[in-house]
**Q** 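Pasting a structure below so you can have a look.
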Amino acid sequence: MIIKARVLRRLIGGVSAALLLVLVGCNSNIKPDSTALACSSVAGIWEFIADIDDSQCGGYGKKETMVFTVTQEGCQLSNDYGATGTIDGTDVKWDVPPWSIGGGVATYLAATATIQDKKIEGIYDWKWSDGNTECSGITKINGTILANENVVTTQSEVKEKNPMLSPREGTIAHTFSLTAPGAKAVYLAGEMSDWQDNVFEMQQGENSNWSLTLYLPQGAWQYKFVVDGQWIYDKNNPKTTDDGFDGLNSVIVLGKELAELSVNPSIPHGSVISSSLESKALGENSPFTVYLPPGYSADSNKSYPLLVLLHGYGSDQNQWVRDGKVQNFMDNLVDAGAIEPFIIVMPYGDKSQYVNNREVHIMEELIPYVRDQYRIKPGKTFTAISGGSMGGFGALYLAHRHQDVFGLSVPLSGYFDLSYYPEFQSKKITMEPELYIYCGINDHISFARNESLVKLLKSEGVDFTYKTAPGGHTWRYWNGITPDFLTVVSDFFNKQA
């Protein structure tokens with residue numbers, strides 16, 4: 001799945017020009033059942049949003065804005081990517097030859113679009129195969145033919161450089177570099193590009209050295225290099241963290257990190273305990289991590305609420321300690337009086353989506369065990385669940401399926417793949433636990449899925465809070481919202497008390 005996901009990211013990024021073939025069309029001046037072709041003028045600037053569902057190929061979904069120029073002769077259209085097409089009535093049909101990409105061949109199974117009043121809608125099916133592995137996906141298109149007054153503005157915006165390439169107030173310059181002999185193309189990918197691999201192209205210098213200078217806000221940034229399609233970490237930078245795909249991300253810290261996630265030696269600290277539990281459901285020993293707030297050991301009579309905190313795809317039970325620094329956030333916020341103390345348990349979920357045997361383990365083995373080992377207040381009014389990405393899906397999934405256990409669910413940038421969730425498709429949705437959903441609006445992996453989930457929940461009359469802010473599918477975003485979501489959890493517990 002990892003390999004296919006990266007192939008698809010290269011596939012989608014590398015063939016954007018070819019994907020535009022289904023986007024062009026024109027209004028017909030004749031009836032749809034006519035065999036003649038006659039079209040009004042549609043030459044100009046075209047702007048689209050392509051909503052790509054590549055989950056069958058191990059991808060995470062993606063939304064891209066595309067802007068290009070269309071020229072026209074009669075009903076024959078072409079664009080500045082070399083694409084051509086024909087129109088009958090308001091319907092566009094394309095015959096696109098297969099092309100090689102990512103070690104395989106991409107092929108359109110169907111490609112159609114329709115135009116009404118300068119509004120363009122299209123949908124197409126595609127597949128990719130390398131002879132051994134085959135997968136398919138669907139891309140939906142929504143766009144418009146821009147009014148004349150918007151053309152100059154749009155062309156200017158397209159040409160404008162990414163703001164991270166220029167000095168700005170509050171930013172710090174950092175030059176990323178590596179030596180890559182024989183490389184044809186090198187990109188910088190990371191939290192600065194929301195992990196997209198075609199945003200920041202590095203420049204080749206002498207002696208096979210590639211470099212790029214960015215101007216970034218202070219704090220920690222995770223990144224990798226993409227050398228001719230291969231993702232590698234920066235071997236000249238000793239600071240790394242797990243990438244969730246059996247590899248490493250490199251990390252730089254510019255200036256100072258957020259004060260709330262830094263260790264403050266002058267305040268009381270909680271305890272981080274690594275443990276494990278022999279699981280009958282899993283047939284193996286499963287690790288987990290516990291955070292006990294300051295004062296837990298000193299006051300043997302006090303009990304605490306419980307937050308179950310879930311990690312992302314392919315990571316582990318220490319992700320929220322290692323990358324999320326949740327122990328530092330808790331210590332600092334408790335000391336400042338911003339939140340009341342509570343216990344956190346962080347299970348190991350591997351790549352399970354927290355379904356099937358992993359669900360059984362967490363709900364029937366781990367939570368009862370933790371309640372037995374630590375002083376935890378009983379009842380769902382003192383039990384909450386949260387998590388990021390895959391953990392965000394798990395936070396919604398487990399809270400919905402176990403509404404007698406959890407009183408609050410806080411998904412963070414949840415990767416909501418509802419194919420794992422038949423209950424959301426076959427009957428009316430009810431949600432007794434309070435629900436707070438967070439997602440960054442620049443999150444190309446999860447934002448579209450969060451928007452779809454929110455639309456579904458509204459249609460079902462589910463009461464919830466939806467909080468969006470600038471940010472991607474990154475720890476910079478999650479670290480930034482951690483004080484807020486921990487406060488939501490604390491306030492929920494407090495009002496129950």
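If you're wondering where the values come from, they're calculated on a predicted model, not measured in any experiment. Residue numbers run from 1 in the order of the sequence given.
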**Q** To the nearest 0.5 Å, tell me how far Tyr291 OH sits from Trp320 CH2.
**A**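 Those atoms lie 14.5 Å apart.
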**Q** Hey, are the side chains of Phe225 and Gln230 touching, using non-hydrogen atoms and a 4.5 Å cut-off?
**A**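 Side-chain contact under 4.5 Å: no.
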**Q** The test is side chain to side chain contact (heavy atoms under 4.5 Å, CB included); show your working for Val308 and Leu366 and say whether it passes.
**A** CA-CA 10 Å; Val308 179; Leu366 179 59; over 6 Å; no
**Q** ring-ring contact (aromatic ring centres under 6.0 Å, His included), that's the test. Do Tyr421 and Tyr397 meet it? Break it down for me.
**A** CA-CA 7 Å; Tyr421 218 154; Tyr397 177 81; 4.9 Å; yes
**Q** Would you say the side-chain atoms of Asn162 pair up with the backbone N or O of Met164, donor to acceptor, closer than 3.5 Å?
**A** yes
**Q** Going through the checks in order, is the side chain to side chain contact (heavy atoms under 4.5 Å, CB included) test met by Trp195 and Thr474?
**A** CA-CA 8 Å; Trp195 293 106; Thr474 67; 4.2 Å; yes
**Q** Between Glu451 and Tyr466, is any pair of side-chain heavy atoms under 4.5 Å apart?
**A** yes
**Q** Atom CG in Asn209, atom OG1 in Thr179: separation rounded to 0.5 Å?
**A** 5.0 Å
**Q** Could you go step by step and tell me if Leu457 and Leu435 meet the side chain to side chain contact (heavy atoms under 4.5 Å, CB included) rule?
**A** CA-CA 11 Å; Leu457 293 175; Leu435 179 60; 3.8 Å; yes
**Q** Report yes if some heavy atom in the side chain of Ser315 is under 4.5 Å from a heavy atom in the side chain of Met390; otherwise report no.
**A**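 Heavy-atom side-chain distance check fails, nothing below 4.5 Å.
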**Q** Is there a side-chain contact between Ile441 and Phe447 (heavy atoms, below 4.5 Å)?
**A**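 In short, these two side chains touch, coming nearer than 4.5 Å.
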**Q** How close do Pro483 and Leu333 get, counting heavy atoms only, and between which atoms?
**A**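 Minimum heavy-atom separation between Pro483 and Leu333: CA-CD1, 3.9 Å.
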**Q** At their closest point, which heavy atom of Lys224 faces which heavy atom of Ile232, and how far apart are they?
**A** CB-O, 3.4 Å
**Q** May I ask you to test the Leu310-Leu398 pair for a side-chain heavy-atom distance under 4.5 Å?
**A** yes
**Q** Between Glu191 and Trp475 (side chain of the first, backbone of the second, donor and acceptor by atom type, cut-off under 3.5 Å), is there such a pair?
**A**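 Confirmed, Glu191 side chain pairs with Trp475 backbone.
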**Q** Between CG of Leu292 and CE of Met330, what distance do you get to the nearest 0.5 Å?
**A**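 Answer rounded to 0.5 Å: 10.5 Å.
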**Q** Indicate yes or no for a side-chain donor-acceptor contact from Ser490 to the backbone of Leu486 under 3.5 Å, with no hydrogens or angles considered.
**A** no
**Q** Take Asp484 and Lys467 through the test side chain to side chain contact (heavy atoms under 4.5 Å, CB included) and record every step on the way to the result.
**A** CA-CA 10 Å; Asp484 192 72; Lys467 296 187 176 182; 3.3 Å; yes
**Q** If every non-hydrogen atom of Ile385 is compared with every non-hydrogen atom of Gly394, which pair is closest and at what distance?
**A**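 Minimum heavy-atom contact is CD1-O, 4.2 Å.
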**Q** Do Glu260 and Asn328 make a side-chain contact, defined as non-hydrogen atoms from C-beta onward lying under 4.5 Å apart?
**A** no
**Q** More than 12 heavy atoms of other residues, nucleotides or ligands under 6.0 Å from NZ of Lys235: yes or no?
**A**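 No, not enclosed.
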**Q** May I ask you to decide if Lys184's main-chain N or O and Asp228's side chain share a donor-acceptor pair within less than 3.5 Å?
**A** yes
**Q** Can you list the residues that meet the side-chain contact (heavy atoms from CB on, under 4.5 Å) rule with Leu212, with sequence neighbours excluded?
**A** Leu165, Leu188, Phe200, Met202, Leu214
**Q** Counting heavy atoms not belonging to Asn207, are there more than 12 under 6.0 Å from its CG?
**A**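 No, not enclosed.
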**Q** Ignoring hydrogens and angles, tell me if any N or O in the side chain of Asn450 forms a donor-acceptor pair with the backbone of Cys439 under 3.5 Å.
**A**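 The answer is no, because no donor-acceptor pair under 3.5 Å joins these two groups.
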**Q** Out of curiosity, Ser279 OG to Asn357 CG, how far, rounded to the nearest 0.5 Å?
**A** 8.0 Å
**Q** Can you list the residues that meet the side-chain contact (heavy atoms from CB on, under 4.5 Å) rule with Ile172, with sequence neighbours excluded?
**A**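 Partners of Ile172 under the side-chain contact (heavy atoms from CB on, under 4.5 Å) test: Gln218, Leu254.
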**Q** Do the ring planes of Phe416 and Phe393 sit parallel (below 30°), tilted (30 to 60°) or perpendicular (above 60°)?
**A**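 Rings of Phe416 and Phe393: tilted, 30 to 60°.
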**Q** What is the distance from atom OH of Tyr313 to atom OH of Tyr415, rounded to the nearest 0.5 Å?
**A** 10.0 Å
**Q** If you count every heavy atom of other residues, nucleotides or ligands that lies below 6.0 Å from Glu121 atom CD, does the total exceed 12?
**A**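 No, the 6.0 Å shell around CD holds no more than 12 heavy atoms from other groups.
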**Q** Any side-chain donor paired with an acceptor under 3.5 Å for Asp417 and Ser419?
**A**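 Per modelled atom types, Asp417 and Ser419 side chains form a pair under 3.5 Å.
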**Q** Suppose we screen for side-chain contact (heavy atoms from CB on, under 4.5 Å). Which residues come up paired with Asn264, at least two apart in sequence or across chains?
**A** Ser266, Ile267, Asn332
**Q** Any luck finding a side-chain donor-acceptor pair between Asp443 and His473 under 3.5 Å?
**A**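 Per modelled atom types, Asp443 and His473 side chains form a pair under 3.5 Å.
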**Q** Which heavy atom of Pro217 sits nearest a heavy atom of Arg476, and at what distance?
**A** CB-NH2, 3.9 Å
**Q** With sequence neighbours left out, write down each residue that passes side-chain contact (heavy atoms from CB on, under 4.5 Å) with Asn237, or none if nothing qualifies.
**A**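 Result, side-chain contact (heavy atoms from CB on, under 4.5 Å) vs Asn237: Tyr223, Asp234, Lys239, Ser250, Ile252.
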**Q** Which word best sums up how the rings of Phe176 and His174 line up, parallel for under 30°, tilted for 30 to 60°, or perpendicular for over 60°?
**A** perpendicular
**Q** If only side-chain N and O atoms count, and only distance matters, is there a donor-acceptor pair under 3.5 Å linking Ser413 with Ser389?
**A**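 The answer is no; no qualifying pair exists.
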**Q** If we ignore hydrogens and angles and just use 3.5 Å, is the side chain of Asp350 paired with the main-chain N or O of Ser352 as donor and acceptor?
**A**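 Checking the backbone N and O of Ser352 against the side chain of Asp350, no donor-acceptor pair under 3.5 Å is found.
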**Q** Atom CG of Asn142 and atom CD1 of Ile123: how far apart are they, to the nearest 0.5 Å?
**A**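 Here the interatomic distance stands at 10.0 Å.
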**Q** Short question: side chain of Thr482, backbone of Trp478 - any donor-acceptor pair under 3.5 Å?
**A**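 Side chain of Thr482 to backbone of Trp478, a donor-acceptor pair under 3.5 Å: yes, one is there.
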**Q** Give a yes or no answer on whether the side chain of Gln319 reaches the backbone of His311 with a donor-acceptor pair at less than 3.5 Å.
**A** no
**Q** Could you tell me which non-hydrogen atom of Asp242 sits nearest to which non-hydrogen atom of Asn249, and how far apart they are?
**A** O-ND2, 4.2 Å
**Q** I'd like to know if the side chain of Arg322 reaches the main chain of Thr241, judged simply by a donor and an acceptor atom lying under 3.5 Å from each other, with no hydrogens or angles considered.
**A** no
**Q** Taking all heavy atoms of Val326 and all of Ile344, pick out the closest pair and write down the distance.
**A** CG2-CD1, 3.9 Å
**Q** Does some side-chain heavy atom of Asp316 sit less than 4.5 Å from a side-chain heavy atom of Pro287?
**A**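 They are not in side-chain contact.
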**Q** Which residues pass the side-chain hydrogen bond (donor to acceptor under 3.5 Å, both in side chains) test with Thr289, not counting sequence neighbours?
**A**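 With sequence neighbours excluded, Thr289 shows a side-chain hydrogen bond (donor to acceptor under 3.5 Å, both in side chains) to Asn318, given in chain and number order.
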**Q** Assess whether side chain to side chain donor-acceptor pair (under 3.5 Å) is satisfied between Tyr233 and Gln222, documenting all intermediate values.
**A** CA-CA 10 Å; Tyr233 70 97; Gln222 295 188 27; over 6 Å; no
**Q** Who passes ring pair (Phe, Tyr, Trp, His ring centres under 6.0 Å) against His361, sequence neighbours left out?
**A**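 Per chain and number, His361 pairs via ring pair (Phe, Tyr, Trp, His ring centres under 6.0 Å) with no residue.
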**Q** Measure from the side-chain N and O atoms of Asn442 to the backbone N and O of Gly472, and report whether any donor-acceptor pair falls under 3.5 Å.
**A**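 No; judged by distance alone, with no hydrogens or angles, the pair does not exist.
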**Q** State, with a plain yes or no, whether a side-chain heavy atom of Glu359 is found less than 4.5 Å away from one of Tyr354.
**A** no
